[in-house]
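Note sheet for the following structure.
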Amino acid sequence: MASSRCFLRNNESSGMYDLNFFRNNLEQIRHRLLARGFVLDAEAFQDLDGRRRQLVTESERLKAERNQATVTIGQRRKTGADTSEQQQQVRAMGERIAELDEGVKQIDLEFRDFLARIPNVPHDTVPLGNDEQANVEVRRWGTPRDFNFAPKAHWDLGPELGILDLDRAAKIAGARFAVYWGLGARLERALINFMLDLHTREHGYQEVLTPFLINSASLYGTGQLPKFAEDSFRCEGHDLWLAPTAEVPVTNLFRDETLNAATLPLSLCAYSPCFRSEAGSYGRDVRGIIRQHQFQKVELVKFTRPEQSYDEHEKLTRDAEHVLQKLGLPYRTVVLSTGDTGFSAAKTYDIEVWLPGQNGYKEISSCSNFEAFQARRAQIRFKAGKEKADFVHTLNGSGLAVGRTWVAIVENYQQADGSVLVPEALRSYLNAERIDATGGRLV
RNA sequence: GGAGAGGUGGCUGAGUGGUCGAAAGCAGCGGUUUGCUAAACCGUCGUAGUGCCUUAAAGCGCUACCGGGGGUUCGAAUCCCCCCCUCUCCGCCA
C-alpha cells in the first residue's frame with residue numbers, strides 16, 4: 001500500500017528529509033548555499049512539491065470515497081443483498097488509486113534524490129571563499145623544532161628503524177597499506193589508548209566501540225551517501241560497507257530515536273579503523289603512510305541542543321588539540337572557507353600538525369558542526385518535557401587520526417643518531433623511552 | 001547454514017477478514033480531593049502526510065501507519081509470498 005509515508009521511510013536508503021524545513025526556508029537556504037558555490041534549483045523543488053501534493057490529494061480523496069463504499073458493502077452483505085455492482089466500482093477505484101500512488105512513489109524517489117544532493121548551509125562565521133586558499137588560521141601552538149641535522153621523513157626513518165614495512169604491506173594487501181613491527185606496532189596501540197584515556201578521563205567523553213562494517217542507511221544518515229559512494233569500500237553481495245570513519249556508526253547509534261534532553265550534550269569517543277578508497281587522490285601523498293586505505297582513528301562525537309552546538313564545537317576542537325599539546329607536537333588550527341567545507345558540515349576546523357618531513361603543517365583532525373543536517377537525515381531528535389521534539393545538532397572530530405600522529409611523533413622526535421625519543425606522556429603507554437634501530441624487534 | 005517461536009502505541013499485552021488507531025493495565029499529562037507526600041476518583045494521552053481556515057499557531061476534516069516490502073479481497077493488524085530483526089535448539093566457528 002504505497003502512501004505518502006513512503007517518502008519518509010524507504011527500506012533501502014532510509015534517507016529522510018523534512019519537507020517543511022525546505023518549504024519554509026527555501027529562499028534563505030538557496031541564498032546561503034550560493035556562498036559555498038551550490039546553486040539550489042528552487043523552481044525544481046516547488047515543481048516536485050506541487051506535483052506531489054496534487055497526486056497525494058487526489059489519491060486520498062479517492063481513498064476516503066472507497067472507505068465509505070466499503071462500509072456500505074459490508075452492511076448490505078449482512079442483509080443478504082447483492083453487492084457485485086458496487087464491488088466492481090470499488091475495484092475500479094482501487095486501480096486508479098494504485099496509479100496515483102505509483103506516481104507519488106516516483107516523485108518521492110526524485111524528491112529524495114534531489115534533497116539528498118543538497119549540501120549543508122554554511123554558518124555565518126565561516127569565511128567566504130572558493131577553496132582552501134581562503135581558509136583562515138585561527139591559532140597556532142608550539143614552535144617547530146630547529147634541527148641541527150637534516151630531519152628525515154617517516155618513510156625513510158620508519159624502515160630504517162625496522163618499525164614500518166611498506167614493501168610487505170604492498171605484497172599482502174597493496175599500495176596504501178602499512179605493516180608495523182615491534183615498537184612501531186606498539187606505538188600505534190599506545191596512541192589509541194592514550195587518546196581514549198585522555199578524552200574519557202579529562203574531557204568527559206563516554207567510550208563506545210561500534211561495528212566496523214555499516215549498512216547503507218547509516219551512510220545516508222551522516223551524508224556519505226548518495227554522493228560519495230565511490231569513496232568507500234563495499235562488501236560484495238551485502239548491504240555492508242567498511243566504515244570510512246567512526247562518525248558513521250557512532251552518529252547513527254541514535255538514528256530514529258528521540259533523546260531525553262537531560263542527556264544532552266552527549267559526548268562519545270570511539271576508536272575504529274577507517275577504510276577509504278581514496279578514489280581521485282592518485283598522486284597525492286603517495287609516499288609514506290599519510291594517506292592510506294586503512295588507518296586508525298579515535299573519533300569524538302557530540303549530540304547537542306541547537307543553541308549549544310557552537311560552544312560544544314569549540315570545546316570539541318580544543319579537546320582534539322589537547323592531544324597534540326600533551327604530546328608536544330606543534331600545530332595550527334584553521335577554519336575552512338565556505339568552498340572548502342565538506343558536504344554535510346556547517347562549519348569545520350582543521351587541526352594541522354607540524355611535519356618536518358614535509359616542512360609544513362598537515363591535517364590531523366577535522367572538527368565539524370553539522371547542525372541538524374545529519375539529524376534530519378537520520379531522524380535524531382531530542383525532547384524536553386512537553387516541548388515538541390526537535391532535531392539535535394551533531395558534531396564530530398578526529399581526536400586524532402592515529403596514523404598521522406604516529407608520523408608526527410617519529411618525525412618530530414627524531415634524533416641525530418636516527419633514533420626517536422618517546423614523548424613523556426606516552427612513555428608509560430609504550431613502556432619505552434626511545435625507539436632505536438632495534439625498534440622493530442621486541443625482545 | 002538447518003529447525004522452531006516470535007516482532008502490535010513510551011512499556012506490558014489483547015486482538016485470526018468489516019464500524020480496530022487498535023481492549024486492558026502501567027507510565028505520562030490535566031483536574032478533584034489533600035496540611036505535605038502517597039492513595040483514590042474524573043478526564044486526557046501515538047506519529048506522519050494532506051485539505052480547509054489562519055500572518056502564524058491553534059482548530060476542524062481526510063489519508064496512512066500494528067518490523068519492512070509485495071500480493072489476495074469490495075474491505076487486511078488479521079490470509080498468502082519475500083526480506084529484516086529477536087529468542088531457543090542443532091551445525092560451524094574466534
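Each chain gets a letter, A, B and so on, in the order the sequences are listed, and its residues count up from 1.
Residues Thr125(A) and Lys347(A) have side chains that bring a donor and an acceptor to within less than 3.5 angstrom of each other.
The base of G18(B) has none of its N or O atoms less than 3.5 Å from a complementary donor or acceptor on the side chain of Gln75(A). Between the side chain of Lys78(A) and the base of U19(B) there is at least one donor-acceptor pair of N/O atoms closer than 3.5 Å.
Candidate nucleotides G51(B), G75(B), U63(B) were compared by shortest atom distance to the side chain of Lys63(A), and U63(B) ranks first. Side-chain proximity of Thr70(A) to the nucleotides A64(B), U50(B), C74(B) is greatest for C74(B).
Closest of all the heavy-atom pairs between Leu33(A) and Pro119(A) is CD2-O, 3.4 Å. Among all heavy-atom pairs drawn from Arg66(A) and Gly94(A), the shortest one is NH1-CA, 4.0 Å.
To the nearest angstrom, C1' of C85(B) lies 14 Å from CG of Asp239(A). Here A64(B) presents its P atom at 10 Å from CG of Asp101(A), a figure rounded to the nearest Å. U47(B) atom C1' lies 9 Å from atom CZ of Arg381(A), rounded to whole Å.
Among the protein residues, Arg61(A) comes within range of no part of the nucleic acid, since none of its heavy atoms lies under 4.0 Å from any strand. Residue contacts shown for Ala64(A) are limited to sugar-phosphate atoms, with no base heavy atom under 4.0 Å away.
Counting only distance, with no hydrogens or angles, the side chain of Ser309(A) and the backbone of Arg305(A) share no donor-acceptor pair below 3.5 Å.
For RNA chain B, the residues of residues 80-94 of chain A within the heavy-atom distance limit of 4.0 Å (strictly under) are Gln87(A), Val90(A), Arg91(A), sorted by number.
Within a 6.0 Å radius of CD in Gln54(A), other residues, nucleotides and ligands contribute 12 heavy atoms or fewer.
Residues meeting the side chain to side chain contact (heavy atoms under 4.5 Å, CB included) test with Arg189(A), sequence neighbours left out: Arg186(A), Asn193(A).
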